[in-house]
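Just below is one structure, and these are the notes that go with it.
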Amino acid sequence: MPELPEVEALREYLDEHLTGRVVARVLPLAVSVLKTYDPPPSALEGQRAGATARHGKFLDLRIGEFHLVTHLARAGWLRWRETQPAQPPRPGKGPLALRVVLDGGDGFDLTEAGTRKGLAVYVVRDPQEVPGIARLGPDPLAEDFDRDAFAALLAGERRRIKGVLRDQSVIAGIGNAYSDEILHAARISPFALASTFDEDRTTLLYAAVRDTLRSAVTRAHGLAAGELKAEKKSGLRVHGRAGEPCPVCGDTIRSVSFADSSLEYCPTCQTGGKPLADRRLSRLLK
């Protein structure tokens with residue numbers, strides 16, 4: 001799933017390639033992707049694009065007086081095309097969900113792989129009309145997101161810290177992969193309860209949040225949209241690397257599986273050498 005660093009890189013890419021351009025056609029190919037119907041996507045045609053913004057993991061394209069907002073979900077992606085086909089695509093079961101053609105014949109496609117669909121597109125007059133944006137917590141890379149603001153978010157939290165970091169209403173933009181990376185950098189167990197954090201641990205985690213995300217944004221800066229997935233994967237130190245040696249201590253990275261996801265961690269760095277219980281695996285062994 002694209003998270004804050006990849007979405008930020010897409011925002012930069014679109015800002016460079018889209019700003020000032022006129023939208024010629026908007027072609028929705030998957031009806032399920034459209035979450036709003038008034039104004040219709042056709043209202044964007046003939047309008048000039050302004051700056052592109054990011055709200056957590058949402059992309060916000062200003063087009064005339066409207067906003068084309070998208071959330072790429074688990075398997076969505078944005079693909080820039082220097083030349084869009086002259087013939088309109090036929091709706092079908094392929095990955096293409098929405099196509100935007102610009103006045104010069106170039107543009108971009110929104111695609112989604114797999115059968116589990118979560119890609120969402122909204123055409124609104126104000127991005128706050130999008131429910132997911134209205135619920136967002138603060139952006140962890142915002143200038144005013146300081147250590148005290150972070151501590152205030154953790155105050156009173158009784159959940160495991162992994163879940164807190166992934167909760168978009170608490171902090172915007174962090175998902176499964178970067179929460180693993182942040183907790184590894186901070187040497188904190190993903191199962192640690194946020195309510196147990198003292199001042200020093202809170203400070204350590206805050207620094208890991210900022211440093212991990214800033215580093216990922218820096219690596220992604222200037223890359224074309226098609227290069228971002230590979231860059232994300234190559235930059236991850238623990239997430240998706242179960243069975244490999246930890247780059248810090250050399251211990252074997254372990255995984256805990258859930259119904260639709262998994263987390264990765266290093267026992268030596270994060271849990272005092274003790275493997276975390278994998279309840280899904282335990283059930284299979286019974």
Is the shortest side-chain heavy-atom distance between Ile171 and Leu165 below 4.5 Å? yes

Under 3.5 Å side-chain donor-acceptor pair for Arg147 and Thr202: no

With the side chain counted from C-beta on, respond yes when Pro131 and Lys35 share a heavy-atom pair under 4.5 Å apart, and no when they do not. no

Checking side chain to side chain contact (heavy atoms under 4.5 Å, CB included) for the pair Leu98/Val100: CA distance, chi angles, key distance, verdict? CA-CA 7 Å; Leu98 183 136; Val100 173; 3.6 Å; yes

In Å, rounded to the nearest 0.5 Å, how long is the span from CG of Leu183 to OG1 of Thr271? 12.0 Å

Same cluster (ILVMFWY, side-chain, under 4.5 Å), Tyr37 and Phe66: yes

Validate the cation-pi geometry between Arg160 and Phe191: distance from NZ or CZ to the six-membered ring centre under 6.0 Å, angle to the ring axis within 45°. yes

Checking side-chain polar atoms at under 3.5 Å, does Glu181 have a donor or acceptor matched by the opposite partner on Ser179? no

Show your reasoning for whether salt bridge (charged side-chain N to carboxylate O under 4.0 Å, His left out) applies to Lys232 and Glu3. CA-CA 10 Å; Lys232 177 181 180 178; Glu3 300 180 33; 3.6 Å; yes

State whether a side-chain donor-acceptor pair under 3.5 Å links Ser169 with Asp167. yes

Testing the basics here: between Pro39 and Arg125, what is the closest heavy-atom pair and its distance to 0.1 Å? CD-NH1, 3.5 Å

Side-chain heavy-atom pair Arg210, Arg214 within 4.5 angstrom cut-off: yes

Please lay out, stage by stage, how Leu59 and Val69 fare under the test side chain to side chain contact (heavy atoms under 4.5 Å, CB included). CA-CA 6 Å; Leu59 273 173; Val69 176; over 6 Å; no

Under 3.5 Å donor-acceptor, Thr36 side chain and Val123 backbone: yes

Rounded to the nearest 0.5 Å, the CG atom of Leu78 sits from the CD atom of Glu6 at a distance of 13.5 Å

Going through the distances and angles, do Leu236 and Tyr178 end up as a side chain to side chain contact (heavy atoms under 4.5 Å, CB included)? CA-CA 8 Å; Leu236 298 175; Tyr178 286 107; 4.2 Å; yes

For Ile161 versus Ser189, what's the shortest heavy-atom pair and its separation? CG2-O, 3.4 Å

How long is the gap from CG on Leu136 to CZ on Phe58, to the nearest 0.5 Å? 6.0 Å

Determine whether a donor-acceptor pair (N or O, by modelled atom type, separation under 3.5 Å) exists between the side chain of Gln270 and the backbone of Ile188. yes

List the atom of Pro127, the atom of His55, and the distance in Å for their closest heavy-atom pair. CB-NE2, 3.9 Å

What's the separation between atom SG in Cys266 and atom CD in Glu244, rounded to the nearest 0.5 Å? 12.5 Å

May I ask whether Leu263 and Leu213 are part of the same hydrophobic cluster, defined by side-chain heavy atoms of I, L, V, M, F, W, Y residues being less than 4.5 angstrom apart, directly or through others? no

Within the structure provided, determine whether Val170 and Glu157 are in side-chain contact (heavy-atom separation under 4.5 Å). yes

Is a side-chain N or O of Thr19 found less than 3.5 angstrom from the main chain of Glu16, in a donor-acceptor match? no

Within a reach of under 6.0 Å around NZ of Lys229, are more than 12 heavy atoms found that belong to other residues, nucleotides or ligands? yes

Hey, are Arg219 and Ser215 close enough side-chain-wise for a donor-acceptor pair under 3.5 Å? yes

Do Asp109 and Arg79 sit within salt-bridge range, that is, some charged N less than 4.0 Å from a carboxylate O? no

Main chain of Val101, side chain of Arg99: is a donor-acceptor contact present, judged purely on distance under 3.5 Å? no

Hydrophobic clustering (ILVMFWY, side-chain heavy atoms < 4.5 Å, transitive) - are Val33 and Leu29 grouped together? no

Under a plain distance cut-off of 3.5 Å, with no hydrogens placed, do Gln168 and Arg135 share a side-chain donor-acceptor pair? no

Starting from the C-alpha separation in whole Å, work towards a yes-or-no answer on salt bridge (charged side-chain N to carboxylate O under 4.0 Å, His left out) for Asp60 and Arg11. CA-CA 8 Å; Asp60 172 10; Arg11 183 202 66 77; over 6 Å; no

Does the side chain of Lys117 come under 3.5 Å of the side chain of Ser32 through a donor N or O and an acceptor N or O? no

What class does the angle between the rings of Trp80 and Phe108 fall in, given that below 30° is parallel, 30 to 60° is tilted and above 60° is perpendicular? parallel

Quick one: does any side-chain atom of Asn176 pair with a main-chain N or O of Ser262 as donor and acceptor, under 3.5 Å? yes

Would you indicate whether the side-chain heavy atoms of Gln128 and Ile133 approach each other to under 4.5 Å? yes

Charged N-O contact under 4.0 Å between Asp103 and Arg21: yes

If you group Ile, Leu, Val, Met, Phe, Trp and Tyr by side-chain heavy-atom gaps below 4.5 Å, do Leu27 and Leu68 land in one group? no

Are side-chain N/O atoms of His221 and Glu12 paired as donor and acceptor at under 3.5 Å? yes

Any donor-acceptor pair under 3.5 Å from His71 side chain to Ala73 backbone: yes

Any salt bridge between Asp180 and Arg237, counting N to O under 4.0 Å? no

For the side chain of Glu264 and the backbone of Arg241, is there at least one donor-acceptor N/O pair under 3.5 Å apart? no

Rounded distance (nearest 0.5 Å) linking atom OH of Tyr206 with atom CG of Asp148: 9.0 Å

Between Leu119 and Arg74, is any pair of side-chain heavy atoms under 4.5 Å apart? no

Nearest heavy-atom contact between Thr70 and Val121 is OG1-CG2, 3.9 Å

Contact summary for Leu276 and Tyr265, nearest pair of heavy atoms: N-OH, 2.6 Å

Tell me whether Val23 is reachable from Leu96 by hopping between hydrophobic residues (I, L, V, M, F, W, Y) whose side-chain heavy atoms are closer than 4.5 Å. no

Report yes if some heavy atom in the side chain of Leu72 is under 4.5 Å from a heavy atom in the side chain of Leu10; otherwise report no. yes

Could you tell me whether a side-chain N or O of Glu45 sits under 3.5 Å from a main-chain N or O of Val26, the two making a donor and an acceptor? yes

Compare all side-chain heavy atoms of Asp139 with those of Arg54 and state whether any distance is below 4.5 angstrom. yes

Assess, by modelled atom type and distance only, whether the side chains of Glu8 and Tyr13 contain a donor and an acceptor separated by less than 3.5 Å. no

For Leu102 and Gln84, run side chain to side chain contact (heavy atoms under 4.5 Å, CB included): C-alpha distance rounded to whole Å, both residues' side-chain angles, the deciding distance at 0.1 Å, then the answer. CA-CA 9 Å; Leu102 303 177; Gln84 291 282 29; over 6 Å; no

Does Arg201 make a cation-pi contact with Phe197, if we ask for NZ or CZ under 6.0 Å from the ring centre and within 45° of the axis? yes

CD1 (Ile174) and NZ (Lys162) are apart, to the nearest 0.5 Å, by 10.5 Å

For the residue pair Phe145 and Phe150, does the interplanar ring angle fall in the parallel (under 30°), tilted (30 to 60°) or perpendicular (over 60°) class? perpendicular

Heavy-atom closest pair (Pro5 atom, Ala220 atom, distance to 0.1 Å) is O-CB, 4.2 Å

